[in-house]
Protein chains: 2
Amino acid sequence: MTAVLVIEDDDRIRLALLLALEDEGYEARGAATAEEGLRSQRRESADYVLVDLMLPGIDGFEAIRQLRRDDDVPIVVVSARDDTHDIVAALEAGADDYVVKPVAIKELTARLRALRRRARTVTAVEAEVPVFSFGELEVSPEAGEVRRAGEPVALTRTEFRLLCELAEHAGRVLSRQQLLSRVWGYDTGDERLVDVHVGRLRQKIESDPANPRHLVTLRGLGYKLQR
Amino acid sequence: MTAVLVIEDDDRIRLALLLALEDEGYEARGAATAEEGLRSQRRESADYVLVDLMLPGIDGFEAIRQLRRDDDVPIVVVSARDDTHDIVAALEAGADDYVVKPVAIKELTARLRALRRRARTVTAVEAEVPVFSFGELEVSPEAGEVRRAGEPVALTRTEFRLLCELAEHAGRVLSRQQLLSRVWGYDTGDERLVDVHVGRLRQKIESDPANPRHLVTLRGLGYKLQR
DNA sequence: GGGGTTTTGTCACACAACTGTCATACGACC
DNA sequence: GGTCGTATGACAGTTGTGTGACAAAACCCC
């Protein structure tokens, strides 16, 4: 289950947030001070942190900086203060979003989901799995994985190899002959075979297979994978 | 430079945003309709997109969905409507953030910077594709691509091969016989064939095909590609 | 080992795009 | 002004590509 840590000194507001988040299916934890929140996050890492700015002791800005020092968790500031300076300072400190109290729980959770889409890609960086990226398309030959807008795409082995071959030569044309040789190991053979597999690949990775954006045909030359 | 695309139908607001963004050091582009914005983004990908929700024709929500289909550019909604339903719907459609007009430019840019931290995806180190450059004309044999003032030019295979051959011998005259042999592989043949293809090529790469600047004729000698 | 499912390679067809030829017009050069 | 070389538009035949159908092969799960 997705866990959210709420750092907020006002008991009423904190409790209301915790209850609302639990209603929405999150596992919610509370902390009344920055110190307590930081300790909680170190002990048991939550997936998101909501933090107020005006806190006794260490304030919200400092809490964000300390959190950011060794944690990449998405941080959303939930503050009563609607002031450009605060917003800018909080974001500069390392927050990902800033919402003004009172906030609708539906908006808050929608913002958390939006953040998750982005946070996922960072995880990929940390895993250090090489990933070729073409707009919304991600190809990871080592992981044997292809994603489109973050969603895994099921490819057959041949399609996958073909895609990897093209990805490794991103931006360059590969002739049917080259593909036949590199993907299939054929020194000679029917080049139409390539066409068919490219067509099948397009069905799976292009949003409009008839007007491919990434896997393009260069008439008379071959195929190319591009951003 | 970081480029931002602003999709907003109100001329005054769009202009104000564009100017403010440029003041902040961004390269700002404007679009008055979703259609125009989508086209612009397809043609020349910006690093961020700001989009209004109430647009003539395709509305903001649909614009976000269409953008998201094949682009993972960070999208920020800039709307006058401060309604939870709109916010949730926009974020669900694929937006990354939602700010309410009027918005302080400092807040907006702080939010863009916050997004960038998240949006960063791995781009595999890939060797640059070599490009021959002739003024506003760029020829990239390996990419199978030709651009004129940054805009891709659609060439046929023969035209492309002809252009590459000329580009690789930039500044030097190639006789029709040489071209016939290198591009077509003909040891003998009608030299008029070269003329026809040079003519077609000029139509596509020269701004004034009748007075070619780059692909020039050397009467009695042949053709030459020059800066 | 067997039955069902998925994947693969081949083929045929349809359509769009390209090519080479020709006739004619244009323009530079002497 | 005449001549030669070059540009251009039209056209029909050819080629290149996308796609759906199909059968063989590979795979998988009992």
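If you're wondering where the values come from, they're calculated on a predicted model, not measured in any experiment. Chain identifiers are assigned alphabetically (A, B, ...) following the order of the sequence lines, protein sequences preceding nucleic acid strands; residue numbering begins at 1 within each chain.
- Heavy-atom contacts of chain A under 4.0 Å fall on DNA chain C between two terminal nucleotides, which in 5' to 3' order are C/dT7 to C/dC18.
- A salt bridge (charged side-chain N to carboxylate O under 4.0 Å, His left out) check over residues 184-195 of chain B, counting only residues at least two apart or in different chains, returns the pairs B/R176-B/D195, B/R192-B/D195.
- A salt bridge does not link B/R65 to B/D59: none of the charged side-chain nitrogens sits closer than 4.0 Å to a carboxylate oxygen.
- At the heavy-atom level, B/V198 lies nowhere under 4.0 Å from the strands shown.
- Of all nucleotides in DNA chain D, those with any atom nearer than 4.0 Å to a heavy atom of chain B start and finish, going 5' to 3', at D/dC4 to D/dG16.
- B/R147 places no side-chain N or O within donor-acceptor distance of the main-chain N or O of B/E138, the cut-off being under 3.5 Å.
- Side-chain atoms of B/Q226 come within 3.5 Å of backbone atoms of B/R213 as a donor-acceptor pair (strictly under, hydrogens ignored).
- Listed by chain and number, the residues in a side chain to side chain donor-acceptor pair (under 3.5 Å) with A/R200 amount to none (sequence neighbours excluded).
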Given A/V76 and A/Y48, is the side-chain contact (heavy atoms from CB on, under 4.5 Å) satisfied, shown in steps?
CA-CA 8 Å; A/V76 177; A/Y48 300 100; 5.9 Å; no

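- Residue B/R200 is classed as a base contact, given a heavy-atom separation below 4.0 Å to a base.
- The residue B/R192 sits close to a base: some heavy atom pair falls under 4.0 Å.
- The existence of a salt bridge linking B/R111 and A/D97 is confirmed by a sub-4.0 Å separation between a basic side-chain nitrogen and an acidic carboxylate oxygen.
- When heavy atoms are screened at a 4.0 angstrom cut-off, A/Y223 is found touching the sugar-phosphate backbone but no base atom.
- Terminal axes of the helix from C/dG1-D/dC30 to C/dC30-D/dG1 (five pairs each, C1' rotation axis) are separated by 50°, to the nearest 10°.
- Within the 3.5 Å criterion, the main-chain N or O of B/N211 finds no donor-acceptor partner in the side chain of B/R202.
- Taking 4.0 Å as the cut-off between side-chain N and carboxylate O, B/K101 and B/D52 count as a salt-bridged pair.
- Residue pairs that meet the ring-ring contact (aromatic ring centres under 6.0 Å, His included) test with at least one member in residues 197-220 of chain B, sequence neighbours left out, are B/W184-B/H197.
- When heavy atoms are screened at a 4.0 angstrom cut-off, A/G220 is found touching the sugar-phosphate backbone but no base atom.
- Residue B/R202 is in sugar-phosphate contact alone, with no base atom involved, counting any heavy-atom pair closer than 4.0 Å across all strands shown.
- When all heavy atoms are compared, the tightest approach of B/L162 to B/V183 is CA-CG2, 3.8 Å.
- Residue A/Y186 is in sugar-phosphate contact alone, with no base atom involved, counting any heavy-atom pair closer than 4.0 Å across all strands shown.
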